[in-house]
Amino acid sequence: MIKETISKLLNEQVNAEYYSAYLYLSMAAYADRAGYKGIANWLHVQAKEEMAHGTRIFQYMLERGALPSLGGIKAPPASYSGITEIFEKVLAHEQGVTESINRIATLAEQEKDHAAYQFISWYVSEQVEEEASAEELLTRVKLIDSHSGLLFNLDTALASRVFTDPFGR
Ligand code: FEO
């Protein structure tokens, strides 16, 4: 049985991961309507990954004898000023997620819950990748911000991203 303090943070993280999916879906809608289908595709795949992240934590709670409690998911912003703002917000959001994942890892360590620590370590590593890819895309978008032809090249490149379940299910 997992300690309630850890279970509470895991439960909050399930909600945060589903909120991430909502956020990326709202960004995908904006990108799609702005004509950037490739960027919309990248964001759709990102949203699916977030759903997988949340569902894996939900399952883990059940495996450890905790009862996940699903709360409301707040509404994400509905409009954006452009593609640059989208990737600025992706990066800021992922940095926030890293902080919440680190809080869980720190608590699992303090509580000497080695299983929970090992479980959340996957997410610690994942956040390194999440921040790196958001940072890279933001840098590229800023570099090409004033050259719409190049932005369309990036859009074409991002159209090829496909979802693969990070947990291999
Ligand atoms: Fe679930 Fe984007 O971290």
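Bear in mind that the values here come from a model prediction, so they are computed numbers and not experimental data. One-based numbering, in listed order, for ligands and for the atoms of each.
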Checklist entry - Any luck finding a side-chain donor-acceptor pair between Glu12 and Ser100 under 3.5 Å? => result no
Checklist entry - Would you say Glu126 reaches atom 1 (Fe) of ligand 1 with an N/O/S atom under 2.8 Å? => result no
Checklist entry - For atom 1 (Fe) of ligand 1, does an N/O/S atom of Glu130 lie at less than 2.8 Å? => result no
Next on the checklist: Please evaluate residues Glu85 and Lys89 with respect to the criterion salt bridge (charged side-chain N to carboxylate O under 4.0 Å, His left out), reporting the C-alpha separation (whole Å), side-chain torsions for both, the decisive distance (0.1 Å), and the verdict.
Outcome noted: CA-CA 6 Å; Glu85 193 201 356; Lys89 283 200 156 50; 2.6 Å; yes
Checklist entry - Quick one: are the ring centres of Tyr60 and Trp122 less than 6.0 Å apart? => result no
Checklist entry - With a cut-off of 2.8 Å, does any N, O or S atom of Glu94 fall short of it relative to atom 2 (Fe) of ligand 1? => result yes
Checklist entry - Do any of the N, O or S atoms of Glu17 sit under 2.8 Å from atom 2 (Fe) of ligand 1? => result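 No, Glu17 does not qualify, because none of its backbone or side-chain N, O or S atoms lies under 2.8 Å.
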Checklist entry - What heavy-atom pair brings Ala66 and Ile2 nearest, and what distance separates the two atoms? => result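 Nearest heavy atoms, Ala66 then Ile2: CB-CG2, 3.8 Å.
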Checklist entry - Taking atom 1 (Fe) of ligand 1 as the vertex, what is the angle from OE1 of Glu50 to ND1 of His53, given to 10 degrees? => result 90°
Item to check | Donor-acceptor contact present, side-chain Asn15 to main-chain Gly72, <3.5 Å | outcome: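 Between the backbone of Gly72 and the side chain of Asn15 there is a qualifying donor-acceptor contact (under 3.5 Å).
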